[in-house]
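Because only heavy atoms are used, hydrogens play no part in the values below, and waters and symmetry mates are left out as well, while side chains stay in. Treat the numbers as computed from the prediction; the structure is a model and nothing was measured. We count ligands from 1, going down the list as the structure has it; atoms in each ligand are counted the same way.
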Amino acid sequence: MAKVDIKDIENAQDRIKGHIIHSPLINSGQLSRKLGRDVLLKLEFLQETGSFKLRGATNAMLSLKPSEREFGVVTASSGNHGPALALAATRLGVKSTICLSNLVPKNKILNVRSNGGTTCVEGRDYDESLDVCMQLVKDKNMHLVHPFDNPSVVAGAGTIGLELAEDASDVDCILVPLSGGGLLAGIAVALKARRSKARLIGVTMENGASMVQSLKAGKPIDVQEVETIADALGGNIGLDNNWTFETVRDLVDDCVTVSDNQIKEAMRALFYNEGMMVEGAAAVGVAALMSGTVDCEGRAICLLSGRNIAAETFLDVISQNS
Ligand SMILES: *Cc1c(COP(=O)(O)O)cnc(C)c1O
């Protein structure tokens, strides 16, 4: 099976330069003091559309042949790949259709539309929205840009790894939110190629953690998607997974899970200490550090992957104290 390699990621970096920002890596003095270790934050939520997903979506769009753009692109999304693909397509004058399940929060559906995408809200969970999407590929000849199991998407996400290697050669652990594994796989390939010594750790939510269960089983397996504050991490990795399972299995040092309460605690810490509003999926790394779930000491980087949370939900989280 072909694999994404460092050349693909370097090419992606050249291709998407000018469409995305090299996101800041900042030292969090407050969290560092609180946790008694250096904590750095990589602010990927500052990307346009509010998540790192613009990297993979842009790389995928710029890599398409004219014939693949002709009938428009389509995808299924847990809520952040959708607006990213919509924007990347709109910038090139290509039509996009984004399939979202009924588990996707309303603000994320609106985010697709305001970036020029057509929404199709159908299905109980991510897997059902993917079925709807595959039907559109068949019936309307639309081109599928899968949210994670696509080499251009993995390579685009991998450009974050190049930035980390450039900006922070002296860290001990890097914590990356994990769902389908495109983000983690891309970063893993880039860091390995740059000979990073940091321990690379995937973090996801306790319930419905498809990749973690699949790693345990030794092969991709399906789990039931449930409601969680980390809604962007929902959905299965796919029984026919081609591009992320093996790379995560082979190159990532550890994968851990955190509870919804631990994630909310981390969101509060980021807000009250750093003034940052991030969505649940983005706070899992900080949650893992705060709850001591992570087997790694020393300087840590947490990747803050997105900010697309509904105002009511965010208010609810920051006004609780447990
Ligand atoms: C999609 C997403 C992730 C996980 O990315 P995968 O490539 O599916 O593992 C993490 N955080 C946010 C905010 C996301 O939107």
List, for ligand 1, each N/O atom that has a protein N/O partner under 3.5 Å away, with both atom names and the distance.
{"from": "ligand 1", "atom 1": "7 (O)", "to": "Gly182", "atom 2": "N", "distance (Å)": "2.9"}
{"from": "ligand 1", "atom 1": "7 (O)", "to": "Leu183", "atom 2": "N", "distance (Å)": "2.9"}
{"from": "ligand 1", "atom 1": "8 (O)", "to": "Gly180", "atom 2": "N", "distance (Å)": "2.9"}
{"from": "ligand 1", "atom 1": "9 (O)", "to": "Ser179", "atom 2": "N", "distance (Å)": "2.8"}
{"from": "ligand 1", "atom 1": "9 (O)", "to": "Gly180", "atom 2": "N", "distance (Å)": "3.2"}
{"from": "ligand 1", "atom 1": "9 (O)", "to": "Gly181", "atom 2": "N", "distance (Å)": "2.7"}
{"from": "ligand 1", "atom 1": "11 (N)", "to": "Ser305", "atom 2": "OG", "distance (Å)": "2.7"}
{"from": "ligand 1", "atom 1": "15 (O)", "to": "Lys53", "atom 2": "NZ", "distance (Å)": "2.7"}
{"from": "ligand 1", "atom 1": "15 (O)", "to": "Asn80", "atom 2": "ND2", "distance (Å)": "2.8"}

Check against side chain to side chain contact (heavy atoms under 4.5 Å, CB included), Leu303 and Leu183: CA-CA 10 Å; Leu303 176 65; Leu183 176 61; 3.7 Å; yes
4.5 Å side-chain heavy-atom contact, Lys95 and Thr118: no
Determine, stepwise, if the pair Ser77 / Thr75 fulfils side-chain hydrogen bond (donor to acceptor under 3.5 Å, both in side chains). CA-CA 6 Å; Ser77 169; Thr75 198; over 6 Å; no
Taking Lys106 first and then Glu312, would you say they form a salt bridge - that is, a charged N and a carboxylate O separated by under 4.0 Å? no
Should Val284 and Leu175 be marked as a side chain to side chain contact (heavy atoms under 4.5 Å, CB included) after you check the CA-CA gap, both sets of side-chain angles, and the distance that decides it? CA-CA 8 Å; Val284 293; Leu175 293 101; over 6 Å; no
Partner of Asn80 by side chain to side chain donor-acceptor pair (under 3.5 Å), out of Lys53, Gln47, Glu279: Glu279
